[in-house]
Amino acid sequence: MTVQATAPTTADATTRQTSRPAAAARPVRWAADAVSALREGARVRLDYSAQSLWRVDRLIEEIRREGAPFAAVETVLRGLGAYAGEVVVRQTGAEWWTSAGEHWVRTPDGRLWDPVDEARRCFAGDGSLRLLCRDATGAGRR
């Protein structure tokens with residue numbers, strides 16, 4: 001049996017945009033929870049823009065400077081990393097991938113990004129969600 005490939009239609013693209021892969025369920029929820037918690041608790045508004053990641057990097061830096069133990073902020077960092085991943089997904093048409101409980105963002109060029117781990121690295125003083133987004137979206141090459 002021969003199957004002929006056809007070019008994607010606008011309807012196909014719309015379907016892809018509205019139906020997210022199952023791998024996105026948890027990180028999308030973590031990101032939404034982080035956005036909600038920051039809006040309610042810290043009066044910080046995040047809008048899923050690349051510019052908002054400046055604020056997220058500063059927020060993680062403040063938490064680190066206050067000396068919070070990692071165990072106490074692990075869930076917050078996971079949510080902020082997932083938020084950064086969602087920024088990349090929305091800006092590039094990337095999608096979430098998961099394996100063995102880990103979640104990555106796969107950009108259309110095939111590269112895999114780990115924004116949750118980058119949030120942890122940011123907390124350790126050696127990472128930046130803003131720079132991860134810049135690299136993943138190619139904004140630094142313009």
Side-chain angles (χ1 to χ4, degrees), residues 3-142:
V3 177
Q4 185 174 353
T6 59
T9 65
T10 304
D12 293 335
T14 302
T15 301
R16 259 196 313 276
Q17 287 294 336
T18 58
S19 64
R20 307 270 314 255
R26 284 188 175 172
V28 168
R29 181 80 237 148
W30 297 334
D33 288 347
V35 168
S36 178
L38 288 173
R39 183 181 59 242
E40 298 302 319
R43 302 285 189 240
V44 173
R45 295 211 180 269
L46 299 176
D47 61 3
Y48 291 94
S49 68
Q51 295 81 11
S52 70
L53 294 175
W54 282 90
R55 189 173 308 137
V56 173
D57 276 348
R58 285 194 312 265
L59 179 64
I60 294 172
E61 173 64 23
E62 287 175 28
I63 294 168
R64 184 174 66 78
R65 272 198 318 250
E66 290 173 0
F70 178 78
V73 297
E74 186 173 7
T75 302
V76 171
L77 295 173
R78 181 184 68 189
L80 294 175
Y83 171 80
E86 266 301 288
V87 171
V88 172
V89 165
R90 292 176 183 202
Q91 299 241 334
T92 67
E95 60 186 6
W96 283 99
W97 284 50
T98 186
S99 176
E102 298 294 321
H103 293 82
W104 301 279
V105 171
R106 182 175 184 261
T107 49
D109 61 10
R111 293 182 296 167
L112 289 172
W113 304 87
D114 190 345
V116 174
D117 187 57
E118 190 67 18
R120 294 178 192 125
R121 291 181 63 234
C122 192
F123 180 71
D126 189 33
S128 169
L129 295 171
R130 177 186 58 84
L131 294 178
L132 176 134
C133 181
R134 183 199 67 187
D135 292 346
T137 61
R141 294 182 289 229
R142 291 181 188 155

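Please read these numbers as outputs of a predicted model, since none were measured by experiment.
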Please examine the side chains of D109 and T92, heavy atoms only from C-beta on, and report whether any two atoms are closer than 4.5 Å. no
Can you confirm whether L38 sits close enough to V56 that some side-chain heavy atom of one is under 4.5 Å from a side-chain heavy atom of the other? no
If I take atom CZ from residue R134 and atom CG from residue L131, how far apart are they, to the nearest 0.5 angstrom? 5.0 Å
Quick one: which of W113, W97, W30 gives a ring-ring contact (aromatic ring centres under 6.0 Å, His included) with H103? W30
Looking at Q91 and S49, would you say the former's side chain and the latter's main chain have a donor-acceptor pair under 3.5 Å? no
Provide the closest heavy-atom pair for C122 versus G127 in the form atom of the first, atom of the second, distance. SG-O, 3.6 Å
Atom CH2 in W54, atom CG in L59: separation rounded to 0.5 Å? 15.5 Å
What's the separation between atom OG in S52 and atom CG in D47, rounded to the nearest 0.5 Å? 5.0 Å
For the pair Y48 (side chain) and Y83 (backbone), establish whether a donor and an acceptor sit closer than 3.5 Å, ignoring hydrogens and angles. no
Look up atom CG in D135 and atom CZ in R130, then write down how far apart they are to the nearest 0.5 Å. 9.5 Å
Just wondering, do W104 and S99 contact through their side chains at under 4.5 Å, heavy atoms? yes
One should read off an interatomic distance between C133 SG and Q51 CD, to the nearest 0.5 angstrom, of 8.5 Å
Would you call V87 and L129 a side-chain contact if the rule is heavy atoms closer than 4.5 Å? no
Shortest non-hydrogen contact from A31 toward E86: CB-CG, 4.2 Å
Working for side-chain contact (heavy atoms from CB on, under 4.5 Å), residues L132 and V88: CA-CA 9 Å; L132 176 134; V88 172; 4.3 Å; yes
Would you name the heavy atoms of W96 and P115 that are closest together and state the gap between them? CH2-CG, 3.9 Å
I'd like to know if the side chain of R26 and the backbone of A23 have a donor-acceptor N/O pair within less than 3.5 Å. no
Can a donor-acceptor pair be found, under 3.5 Å and without considering hydrogens, that links the side chain of R121 to the backbone of D126? yes
So which atom in V105 and which in A94 form the shortest heavy-atom distance, rounded to 0.1 Å? CG1-CB, 3.5 Å
Taking all heavy atoms of R55 and all of L46, pick out the closest pair and write down the distance. NH1-CD2, 4.2 Å
Are E118 and D114 packed together at the side-chain level, in the sense that at least one heavy-atom pair is separated by less than 4.5 angstrom? no
Any side-chain hydrogen bond (donor to acceptor under 3.5 Å, both in side chains) involving residues 63-78? Give me the pairs, sequence neighbours left out, ordered by first then second residue. E61-R64
